[in-house]
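Here's the structure we're looking at; comments come further down.
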Amino acid sequence: MDPEEYVEAVLSLVERIPEGRVMSYGAIAEVLRDRADGRGSARRVGSIMAHYGGSVPWHRVVAANGRVVPGHEREALRRLRGEGTPLRGDHVDMRAAAWWPPDPR
DNA sequence: GGAATGACGATAA
DNA sequence: ATTATCGCCATTC
């Protein structure tokens, strides 16, 4: 599979994340692991978002521990607050904001 | 081809 | 809560 396709898969999934919710890099990797190819790892997703994430709501993608995107914390937090995402200070409340795509099965 | 790198993750101290 | 390490694995030197 061309890396381009994996990128598409990641971006389209990120676009499906509802407002007020977030997904961790690891979660995205895990979901794509079933849909796209056998691949899937947090590092890959992060790397892809870094290069191609400019066209999707990247602020809805956070680290598994709720930490927002490094280098864009100010911007991300601002948008998340605006969307009503459950925040706990400067990090996302994963317990309440974590979202998974509807299970097709 | 081998080493370094990276918007990660889990665990240990 | 924070820092340090190790594991992951494709991409990029």
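A, B, ... follow the sequence lines: proteins, then strands. Residue 1 opens every chain.
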Could you walk me through whether A:Glu75 and A:Val68 pass the side chain to side chain contact (heavy atoms under 4.5 Å, CB included) check?
CA-CA 10 Å; A:Glu75 185 67 13; A:Val68 298; over 6 Å; no

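Between A:Arg67 atom CZ and C:dT3 atom C1' the separation is 12 Å, expressed in whole Å. One interatomic measurement links the two molecules: NE2 of A:His91 to P of B:dC8, which rounds to 17 Å at whole-angstrom precision. A:Met49 places its CE atom 13 Å from the P atom of B:dG9, with the value rounded to the nearest Å. In this structure, NE2 of A:His72 is placed 10 Å from P of B:dA7, rounded to the nearest angstrom. One can place OH of A:Tyr52 at 14 Å from C1' of B:dA7, the figure rounded to the nearest angstrom. What separates CZ of A:Arg33 from C1' of C:dC8 is a distance of 11 Å, to the nearest Å. The nearest whole Å value for the distance from the CG atom in A:Asn65 to the C1' atom in B:dT11 is 13 Å. The distance between atom CG of A:Asp90 and atom P of C:dA1, rounded to the nearest whole Å, is 10 Å.
Of the inter-residue distances, the one linking A:His59 atom NE2 with A:Leu80 atom CG reads 5.5 Å to the nearest 0.5 angstrom.
Residue contacts for A:Gly71: at a heavy-atom cut-off of 4.0 Å it reaches no nucleic acid atom on any strand shown.
Judged by distance alone, the side chain of A:Arg60 and the main-chain N or O of A:Ile17 form a donor-acceptor pair under 3.5 Å. Between the side chain of A:Ser47 and the backbone N or O of A:Arg43, no donor-acceptor pair lies under 3.5 Å.
If you find the closest nucleotide of DNA chain C to A:Arg43 and to A:His51, the one lying nearer the 5' end belongs to A:Arg43.
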